[in-house]
Peer 1: 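Here's a structure for you.
All figures in this text were calculated on a predicted structure; none of them were measured in a lab. Residue numbers begin at 1 in each chain, while the letters A, B, ... track the order of the sequences.
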There are 2 protein chains.
Amino acid sequence: MSAIKTSLILCALLLLVQIAVIHAVFAAPIIATGDLGVVIERAAGAVSIVNTSDNRTLTRATGLGDLSHASVVYSRNERYAYVFGRDGGLTRVDMIAGKTDFRTIQAGNSIGGAISQDGRLVAVSNYEPGGVRIFDSATLEAVANIPAEYEPGKFSKVVGLVDAPGNCFIFSLWDAGEIWIADLSNKEQPEITRFTDVGKNPYDALITPDGRYYIAGLFGEDGLAMVDLWHPDKGVRRVLPGYGRGQAPLPVYKMPHLEGWAVAGRYAYVPAVGAHEVLIIDLDDFSEAGRIAVKGQPVFVMSEPGGRHVWVNFALPDNDTIQIIDTETRGILRTLTPGKGVLHMEFEPRGQEVWMSVRDLDQVQVYDTTTLEKIATLDIDKPSGIFFTARAHKIGL
Amino acid sequence: MSAIKTSLILCALLLLVQIAVIHAVFAAPIIATGDLGVVIERAAGAVSIVNTSDNRTLTRATGLGDLSHASVVYSRNERYAYVFGRDGGLTRVDMIAGKTDFRTIQAGNSIGGAISQDGRLVAVSNYEPGGVRIFDSATLEAVANIPAEYEPGKFSKVVGLVDAPGNCFIFSLWDAGEIWIADLSNKEQPEITRFTDVGKNPYDALITPDGRYYIAGLFGEDGLAMVDLWHPDKGVRRVLPGYGRGQAPLPVYKMPHLEGWAVAGRYAYVPAVGAHEVLIIDLDDFSEAGRIAVKGQPVFVMSEPGGRHVWVNFALPDNDTIQIIDTETRGILRTLTPGKGVLHMEFEPRGQEVWMSVRDLDQVQVYDTTTLEKIATLDIDKPSGIFFTARAHKIGL
């Protein structure tokens, strides 16, 4: 009898091991990561993980804290989404396992983040305490801390953080009116280049898709502050002197997002501040090349891959509307009204479809960019930002 | 005793099941697909599957037939590589499983392939029988066949096949001097637009990175045949009348690959045919904007992501050399000599490193694009084409 007992116990143990193994298999299905993305659920503090091949939600990851303002970057293998939340939370979501695998509150109040060109470092820009913290993207250990101390004991809020070629991060100091380049070639000892007196209250910034120009918007005055990263020794140049709130400004319902600059060929399409216009900038010399009248105050101005069309959403009271600009004729090709609270758009990487968050309908709508017809609707709770894994492969995103 | 025997048999069976499960786990490890690629082993008829984060070979897939000329496209989720071989073989490699999961000889002699904008269709261009065959990318069932019958009973070799926006494939007919657009919006019934008399013997073609211009090189005469895909009704235009072998040509040791056009800003950098020059084309009007003297007859002229530098390899006898052009000064920044038989290059998607096949050394060398130093060497048998999964996200690649 004791032999039987032993065999049965052995059997039971083997069974347990087997269950554990089977569990591991189910917890890690074969999922390729090239056609995935996340949609921020701003109210629930969650993200929906979506698949762009089937236009459907795969699963949700929850417990991400305050996502009333949030942005996302991806690891170079497209497995991990790093989510930067308003509450200073840095959360890593495993896109294959479909869940959060790390979370820390790294500061009191945060505005955005970036991942280095080589994918090894994740940087977060903070309001409180003002500065940039840098983490190892694999272990999430703190690697470096760059306090934005612009005068002894004075720390600035940091905005407009982007990654740039040469494993650099670039950001702007709201309180100081400065732009800093942090070279992380030696990650233990970031080398800082400071540009002072760039203009009053830089509020956001972008890097052009070629990684060459860093451009900050100024809340306190007109014009934009620009650094040519191929020639940082030339310092900061003021460009587009007419860009800003101007002499007799309209009330500004929502500051446009500068990340939203669309570049198509040699021209950039830029949301005007306050005015119902999209500006056209000639990137050869940063002169204004024209203006396009649109329905409201533009927030995001986004180029289809290839640049034939540019899609625009608007601040209140026109936030139910999308307008599509033909970059060749510079006219409005079509006006769509997806519903109240169109907060963000994201193009599939080859451009055949565009996803759109419609907050007040709790929907993400997907449109065919050739027919301009709605082809799918996903039910997602209070959706805002949409971020596809293909961003892993692009500088500055 | 029989109870013990039964328990033991049960145990043994459970063990077998468990082993099978464990095997399944090992056969399907968790592999994210954003940082993978393949290197063609032209002599062995195999591909090395590589990882660009660690700069190493993960595994090899063998039995791919004649890869003396080969190209690769990726599924939109970056899981599958479709390899087009010289022998008409279409092979699908599972990048996660690390092996071939499908192979067919779909024609007698093939030159290249493409994947549709939506990722649903794979097209192969064939010499024999002359035409294009189209397959479902998921099931690999034949979906459509487009014989290149340009006169009753006369079939042309097909070259220069690319995908284009709107789920189109575009290709050129060597024997007929024609360019065809196949619109696969209805995949059962491809709609063909024919352009005749485009010039003598188109031998290769490219589509600009924005998906707008299809440009075919002509073996039989100077100049290039161009279709503006935003306005196909305008027909085929002849551009760059001086492009080609010219009046007093040098012997051409290897026709340049047109896929190799580098676009940086508004300029394209183009290998001259026969001459030791790289031509600069202004894409605003397709005029020649300059020439850069280089060491030999250029084969691939490839732009770093961002366009600051353009890397060039050469035909015999200079195929041991790479030259790097600074696009701003239009001068040679550096000359490298990696070794005999530099056949191809591929940039990591954010541009920080470039991989280079050096056939005669049985090496793939990896260079840092900032320091221009060699940082890794992979031992790979007779390497030629290198293709990273990020191509999944780009039109025309």
Side-chain angles (χ1 to χ4, degrees), chain A residues 3-4 7-8 10-11 14-15 17-18 21-22 24-25 28 30 32-36 51-53 74-80 95-97 117-119 165-167 185 209-212 230 264-266 283-284 305-308 328 348-353 369-370 389-390 392-395, chain B residues 3-4 7-8 10-11 14-15 17-18 21-22 24-25 28 30 32-36 51-53 74-80 95-97 117-119 165-167 185 209-212 230 264-266 283-284 305-308 328 348-353 369-370 389-390 392-395:
Chain A
I4 294 180
S7 324
L8 285 176
L10 197 66
C11 260
L14 283 173
L15 207 61
V17 172
Q18 186 177 334
V21 170
I22 288 172
V25 175
I30 298 181
T33 46
D35 59 351
L36 303 182
N51 178 309
T52 65
S53 294
Y74 285 98
S75 63
R76 51 184 287 151
N77 66 357
E78 301 182 332
R79 176 167 180 181
Y80 296 109
M95 303 292 286
I96 294 178
Q117 185 184 26
D118 68 2
N167 253 27
S185 300
D210 58 8
R212 178 167 183 180
W230 292 9
R266 68 191 266 190
L283 289 178
D284 269 8
R308 184 167 194 180
E328 211 176 10
E348 294 188 6
R350 288 186 171 217
Q352 71 276 17
E353 293 170 5
T369 57
T370 303
T389 51
H393 300 324
K394 293 192 185 155
I395 205 85
Chain B
I4 293 180
S7 321
L8 285 176
L10 198 65
C11 259
L14 282 172
L15 207 60
V17 171
Q18 188 177 332
V21 169
I22 287 171
V25 174
I30 298 182
T33 46
D35 58 351
L36 304 181
N51 177 311
T52 64
S53 294
Y74 285 98
S75 63
R76 51 182 288 151
N77 64 358
E78 300 181 333
R79 176 166 181 181
Y80 296 109
M95 303 291 286
I96 294 178
Q117 186 184 25
D118 68 2
N167 253 26
S185 299
D210 59 7
R212 177 165 183 179
W230 292 8
R266 68 191 266 191
L283 289 178
D284 268 8
R308 183 165 194 181
E328 210 177 10
E348 293 187 8
R350 287 185 171 216
Q352 71 275 19
E353 294 171 4
T369 56
T370 302
T389 49
H393 300 321
K394 293 190 183 154
I395 206 83

Peer 1: Name the option with the most non-hydrogen atom pairs under 4.5 Å to chain B; the candidates are A:E78, A:K394, A:Q352.
Peer 2: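 Heavy-atom pair counts peak at A:Q352.
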Peer 1: Rounded to the nearest 0.5 Å, how far does CD1 of B:I30 lie from CG of A:N77?
Peer 2: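 Atom-to-atom, A:N77:CG and B:I30:CD1 are 11.5 Å apart.
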Peer 1: Taking side chain to side chain contact (heavy atoms under 4.5 Å, CB included) as the test, write out the residues that go with A:P305, two or more places apart.
Peer 2: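 Expected list: A:F347.
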Peer 1: Report which part of A:R308 has an atom under 4.5 Å of a heavy atom belonging to chain B: side chain, backbone, both, or neither.
Peer 2: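 Interface part for A:R308: both.
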Peer 1: Measure across B:G34 and A:H393 and return the closest heavy-atom pair with its distance rounded to 0.1 Å.
Peer 2: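 So the minimum-distance heavy-atom pair works out to O-CE1, 3.0 Å.
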Peer 1: Given heavy-atom pairs under 4.5 angstrom as the criterion, report whether the side chain, backbone, both or neither of A:E348 touches chain B.
Peer 2: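 For A:E348, side-chain heavy atoms alone lie under 4.5 Å from chain B.
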Peer 1: Which one of A:T370, A:T389, A:L283, A:D284 has the most heavy-atom pairs closer than 4.5 Å to chain B?
Peer 2: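 Highest number of heavy-atom pairs under 4.5 Å: A:D284.
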Peer 1: Got a donor-acceptor contact below 3.5 angstrom from the A:R350 side chain to the B:A392 backbone?
Peer 2: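 Looks like yes, one N/O pair under 3.5 Å.
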Peer 1: Under 4.5 Å from any heavy atom of chain B, what part of A:R212 do you find: side chain, backbone, both or neither?
Peer 2: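 Looking at A:R212, just its side chain touches chain B.
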Peer 1: Taking the side chain as every heavy atom from C-beta outward, state whether A:T52 and B:R76 have any pair of such atoms under 4.5 Å apart.
Peer 2: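 A side-chain contact under 4.5 Å exists here.
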Peer 1: For chain A, which of B:R266, B:Q117, B:E353 has the most heavy-atom pairs under 4.5 Å?
Peer 2: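 Option with the top pair count is B:Q117.
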Peer 1: Where is the tightest heavy-atom contact between A:A32 and B:R79, given as atom of each residue plus distance?
Peer 2: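 Smallest interatomic distance, heavy atoms only, reads CB-CB, 3.5 Å.
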Peer 1: Side chain, backbone, both or neither: which part of A:A390 has a heavy atom under 4.5 Å from chain B?
Peer 2: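 Its backbone and side chain both get close to chain B.
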